[in-house]
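To keep things clear, I will list the structure first and then write my remarks on it.
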Protein chains: 2
Amino acid sequence: MAERVTAQMVAERAGVSQSAVSRVFTPGASASPKTVEKVRKAASELGYRPNVLARAMVSGRSRMIGLVVAYLDNQFYPEALEKLSNALQAAGYHVLVFMASQKAGNINSVVEEILDYQVDGIIMASVALSSDLTSRCQAAGVPVVLFNRYQDLEGTSAVTSDNRAGARLIGEFLVAGGHERIGYIAGWEGASTQRDREAGFREALSEAGREIHSREVGDFSTDRTFAAARQMFDRPAEQRPDAVFVANDHMALIVMDVLRYELGLSVPGDVSVVGYDDVPTAGWLAYRLTTVRQRANLMVEETVKALLESIDSPETARPRHVTIEAPLIVRASARVPEGWTT
Amino acid sequence: MAERVTAQMVAERAGVSQSAVSRVFTPGASASPKTVEKVRKAASELGYRPNVLARAMVSGRSRMIGLVVAYLDNQFYPEALEKLSNALQAAGYHVLVFMASQKAGNINSVVEEILDYQVDGIIMASVALSSDLTSRCQAAGVPVVLFNRYQDLEGTSAVTSDNRAGARLIGEFLVAGGHERIGYIAGWEGASTQRDREAGFREALSEAGREIHSREVGDFSTDRTFAAARQMFDRPAEQRPDAVFVANDHMALIVMDVLRYELGLSVPGDVSVVGYDDVPTAGWLAYRLTTVRQRANLMVEETVKALLESIDSPETARPRHVTIEAPLIVRASARVPEGWTT
DNA sequence: GTGAAAGCGCTAACAT
DNA sequence: ATGTTAGCGCTTTCAC
């Protein structure tokens, strides 16, 4: 049953050499119309398809991209994964998935495993890379691009939204909205997205002569965000923020739930809430979350472009940091300043 | 830079043959402690790791599993993907992802592509398989298991929750709740989940001498579900259902939104809503959706078990249909019958 | 227990 | 344009 059909078998049936068969199935090769005809016929009769692995061995290109991803519970990532996979598929590549927790040891061994598969490139989504890991990949000649993370590492490209500018927009929006006490709920402190968003947000406040009223850490985790929200808001009206920027939508939606259903507060009546990402759920009628959009399509496009460029011309391609503009999406979870226009 | 370290290089440095190196890195092989020692030392000095692809060529096992998946916007699937990938990783396999739309032509070519990678097995999540595709996989000796889909095809295993029994539970619950007019919003009619859930639901109603008051099709799609919900509920109170079973949570949450925020109805005051899947969002405070739980962990466990069994003993392993019990999770989106106990 | 040798299925010079 | 030849990096008989 498990009889593999080889190029050799096709060659015999078509009455040509095995390399002729190879040429017919190799994009940039030359064969006479007659040969092509015969080979195609024999191949389809036999149900022959080239073995990608064998091809990879000799050509040195596996047409596989390793994708490392940590949290699929943050809706932004499934969306990104789907789009990444589709874009890569369209370019003739396929995605080998590696789940990694943020634990350093784990991510280390995960990257080793990826390399074992001779992938042509690696995309790290939501995970950071140690610098020795980076050199390991470089030594192996495998380009890496960071998706939604930034690190200033030699030879590593990164694609992010403009987290800093996006968060500034939020700061300005909240200040213009006339809020008195503005809070911030942080993500995991090890993440560049967290740091950049907080920095941009603080900048905007500080330029308005304001500062953060209170700050908690939600770590991008569901449980810790519940705790953070209660900690920040379960107190008398005068002591709690009347506006809060939550470092991503996943956490912001949880904060809205705590506010409305645990504490009986009105959003945005009592508290304005703003998130970051614009995941699908953010637009749902139960939330109508004001947020900053990470344009997944563009981010994916740039990621794939950077990666393929590094693969196709390893010598000339320079690692780059692409920053995608991130627009404020005004919905109904935060008070809108008078006369505000997009 | 891109100097690959080969077993040959390790062999030279360790002063042994290349096959000795291979044996040291092959689980079931024999080598003297002395050799192991020397080889390990040389290998780690050189940073050697076996090339999985080369190993795959000769051994005939690639340690890759092809995963075909269609909708990552239904939260059940990212969750499943994450768990599947983790479980497979733990067993020494890795997941090669293929996104497929439900269009027949596409799925056909996707499976061909998977086979080209010489995967050791295939998991089809949320997609159906034509019977000629099935024979193609069988001819290639690649076992297939359907995840969350069932088809009565020779030689194909399938793992599902007990959709029929789960949906019966819902029917009984709604009847016991004293609802007058019970509606049903269907998923994509091509899906076995849709068919089984509807069948179980109708059975329960019919055993109580009842039948469905109205039915619309949401196709598991966001847009079509909005339309279906409006169609079913945008009418006078006496003409619309006072309870509805929606074929999955993804759609049920949308229906709740339409009911509450577009039509100004109360859930469960005016309408009881029940879903199926128990995705994370279903438990959120804004929804508190009563639903039936698909136990992703168990489903994944059985899927991996069935697949690995087929891979490890192709001759003896019989294709099987595993059905996981699916409990009703009572929350707050549907009126609870008096005296109801779990 | 260990080395030599034969491929796995294919591509890429190299001739012709 | 086509066939011949030499591997890609590894596992696996087969002798010793």
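To find a chain, count down the sequence lines: A is the first, B the second, and so on, and within it residues start at 1. What's counted below: heavy atoms across the whole structure, side chains too, no hydrogens, waters or symmetry copies.
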Item checked: ring pair (Phe, Tyr, Trp, His ring centres under 6.0 Å) contacts in which one or both residues fall within residues 105-148 of chain A, not counting sequence neighbours -> A/Tyr117-B/His94
Margin query: Show every salt bridge (Lys or Arg N to Asp or Glu O under 4.0 Å) that has at least one partner inside residues 71-89 of chain A, sequence neighbours left out.
Written below: A/Glu79-A/Lys83
Looking across every strand, which nucleic acid part, if any, lies under 4.0 Å from [X] by heavy atom: base, sugar-phosphate, or nothing?
| X | result |
| --- | --- |
| A/Ser22 | base |
| A/Tyr48 | sugar-phosphate |
| A/Val16 | sugar-phosphate |
| B/Thr6 | sugar-phosphate |
| B/Thr26 | sugar-phosphate |

Would you say [X]'s side chain and [Y]'s backbone share a donor-acceptor pair under 3.5 angstrom?
| X | Y | result |
| --- | --- | --- |
| B/Arg295 | B/Ile324 | no |
| B/Thr156 | B/Asp152 | no |
| A/Thr160 | A/Arg149 | no |

Notebook entry, point to check: By a strict heavy-atom criterion of less than 4.0 Å, which residues belonging to residues 51-62 of chain A are in contact with DNA chain D?
Noted result: A/Met57, A/Val58
Suppose we screen for side chain to side chain contact (heavy atoms under 4.5 Å, CB included). Which residues come up paired with [X], at least two apart in sequence or across chains?
| X | value |
| --- | --- |
| A/Ser310 | A/Pro143, A/Ala317 |
| B/Ser44 | none |
| B/Arg320 | B/Ser157, B/Lys305, B/Ala306, B/Glu309, B/Val322 |
| A/Glu12 | A/Gln8 |

Next item on the list: Would you mind checking if B/Glu113 and A/Arg49 are paired as a salt bridge, meaning a charged N to carboxylate O distance below 4.0 Å?
Entry: no
Note to self: Run the ring pair (Phe, Tyr, Trp, His ring centres under 6.0 Å) test on B/Phe76 and B/Tyr71 for me, step by step, so that the C-alpha distance in whole Å, both residues' side-chain angles and the decisive distance to 0.1 Å come before the verdict.
What the structure shows: CA-CA 9 Å; B/Phe76 179 69; B/Tyr71 332 89; over 10 Å; no
Under 3.5 Å donor-acceptor pairs involving side-chain atoms of residues 27-39 of chain A, not counting sequence neighbours:
residue	atom	partner	partner atom	Å
A/Ser32	OG	A/Thr35	N	3.2
A/Ser32	OG	A/Thr35	OG1	2.9

Note to self: Over the length of the helix from C/dG1-D/dC16 to C/dT16-D/dA1, how much do the five-pair end axes diverge, rounded to 10 degrees?
What the structure shows: 40°
Next item on the list: Considering only heavy atoms of chain A and a distance under 4.0 Å, specify the first and last nucleotide of DNA chain D in 5' to 3' order that meet this criterion.
Entry: D/dA1 to D/dG9
Item checked: Interface limits on DNA chain C, where chain B has a heavy atom under 4.0 Å of a nucleotide atom -> C/dG1 to C/dG9
Notebook entry, point to check: Mind checking what makes salt bridge (Lys or Arg N to Asp or Glu O under 4.0 Å) contact with A/Arg40, not counting sequence neighbours?
Noted result: none
